[in-house]
Number of protein chains: 2
Amino acid sequence: MKNTLKNKDISQTPFRRDVLKIFNSHKNAIPLSVIEQELSSYNRVTLYRTIKSFIEKNIIHEIVISGEESKYALSKENKDTPYQQHIHFKCRSCNILFCSELDKAITISLEKHKIERLDIQAFGICNKCNIS
Amino acid sequence: MKNTLKNKDISQTPFRRDVLKIFNSHKNAIPLSVIEQELSSYNRVTLYRTIKSFIEKNIIHEIVISGEESKYALSKENKDTPYQQHIHFKCRSCNILFCSELDKAITISLEKHKIERLDIQAFGICNKCNIS
DNA sequence: CAGTATTTGCAACGATGTTACATGTAAAAT
DNA sequence: ATTTTACATGTAACATCGTTGCAAATACTG
């Protein structure tokens with residue numbers, strides 16, 4: 001099922017549809033620069049605002065890695081489905097960055113601190129790069 | 001044992017000593033703005049370059065969390081000690097951010113992808129905030 | 001102490017992201 | 001379907017962040 005702007009409490013505009021279309025056409029997380037390349041024309045300010053409202057509406061989420069350009073990926077979870085632990089995997093060979101759900105949830109305990117949520121980033125070599 | 005600039009392949013200057021002193025006086029990760037406040041005077045460019053070289057020499061590391069100012073913390077590991085999994089904990093009440101080592105290493109498998117390193121960020125309520 | 005390599009401060013620049021405001025457009029109301 | 005209203009967009013200006021080139025100062029080497 002395609003991600004749409006409907007039922008997201010956000011008004012539908014041509015620009016937002018174009019941006020969402022780009023996210024739907026990418027399996028993996030993409031940086032702003034890719035979105036800019038794929039838009040025939042755009043306004044910098046509007047794009048920033050679109051990204052910001054998509055994040056607020058939980059349509060996408062931001063993935064930041066130290067020293068790298070932020071990337072964005074469609075969020076699978078929404079208000080109806082509970083939070084699922086998911087991991088971001090980054091391949092150091094092809095630089096691809098994608099999200100994946102964890103089969104078994106990870107539990108970490110940290111002394112007397114109460115952990116409510118975990119963000120996990122994994123770095124390594126992806127399937128494809130491992131073969132070739 | 002205090003962290004020093006010796007044996008780090010980096011020349012010692014008053015400014016670097018001042019910055020390092022600030023890191024040594026904080027148990028937790030701090031943003032640039034805190035360093036700036038605690039330096040009686042400083043040059044913006046020099047501070048950026050100092051932070052960058054401290055990161056390169058693995059004296060400190062950067063912790064980035066989506067939507068927040070980057071923070072920096074002293075690195076415990078250096079070239080002599082092997083990489084240890086460590087976790088960043090952020091308290092959503094007092095906003096403190098600190099690093100902690102994991103007693104037992106976490107293993108995650110992701111289909112056919114080869115994971116070499118994990119970064120884990122935990123969010124919740126810290127010990128102190130939990131009590132009060 | 002002299003020579004060399006590195007660091008610093010300054011000025012200028014470029015990239016990134018935000019704000020105010022006028023205009024345009026989508027959604028809601030009639 | 002038309003009006004009304006709320007929200008989204010484009011523009012310009014601005015603020016912040018981080019970098020670069022260069023000259024002067026300082027730390028390290030012999």
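All values below were derived from every heavy atom in this structure, side-chain atoms included, with hydrogens, water molecules and symmetry-related copies excluded. Letters A, B, ... are given to chains in the order of the sequence lines, protein chains preceding strands, and every chain is numbered from 1. Since the model is a prediction, treat every value here as computed from it, not as a measurement.
Applying the side chain to side chain contact (heavy atoms under 4.5 Å, CB included) test to Ser33(B) and every residue at least two apart in sequence or in another chain returns Pro31(B), Glu69(B). For Arg92(A), the side-chain hydrogen bond (donor to acceptor under 3.5 Å, both in side chains) partners two or more places apart in sequence, or in a different chain, are Glu116(B). Evaluation of the side chain to side chain contact (heavy atoms under 4.5 Å, CB included) rule for Lys112(A) yields Asn127(B) as partners, not counting sequence neighbours. With sequence neighbours excluded, the residues satisfying salt bridge (Lys or Arg N to Asp or Glu O under 4.0 Å) with Lys90(B) are Glu68(B). Residues that satisfy the side-chain hydrogen bond (donor to acceptor under 3.5 Å, both in side chains) test with Ser11(B), not counting sequence neighbours, are Arg16(B). Not counting sequence neighbours, the partners of His88(B) by the side-chain hydrogen bond (donor to acceptor under 3.5 Å, both in side chains) test are His61(B), His86(B). Applying the ring pair (Phe, Tyr, Trp, His ring centres under 6.0 Å) rule to Phe54(B) yields no partners; only residues at least two apart in sequence or on another chain are considered.
Ile35(B) places its CD1 atom 15 Å from the C1' atom of dC17(D), with the value rounded to the nearest Å. Nucleotide dA12(D) holds its P atom 10 Å from the CG atom of Asn43(A), rounded to whole Å. Atoms CG (Leu39(B)) and P (dG9(C)) sit 11 Å apart, rounded to a whole Å. Rounding to whole angstrom units, CD1 of residue Ile51(B) and P of dT8(C) are separated by 12 Å. Between Glu68(B) atom CD and dC17(D) atom P the separation is 15 Å, expressed in whole Å. For the pair Glu69(A) CD and dT16(C) C1', the computed distance is 11 Å after rounding to whole Å. Atoms CG (Asp9(B)) and C1' (dC28(D)) sit 12 Å apart, rounded to a whole Å.
Defining each end axis of the helix from dC1(C)-dG30(D) to dT30(C)-dA1(D) as the rotation carrying four pairs' C1' atoms onto the next four, with five pairs an end, the two axes are found to diverge by 50° to 10 degrees.
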* Going 5' to 3' through nucleotides 17-30 of chain C, assign each nucleotide B (protein heavy atom under 4.0 Å from a base atom), S (under 4.0 Å only from sugar-phosphate atoms) or - (no protein heavy atom that close). => BBBB-----SS---
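Of the possible donor and acceptor atoms, one in the side chain of Lys57(A) sits under 3.5 Å from a partner among the backbone N and O of Asp9(A).
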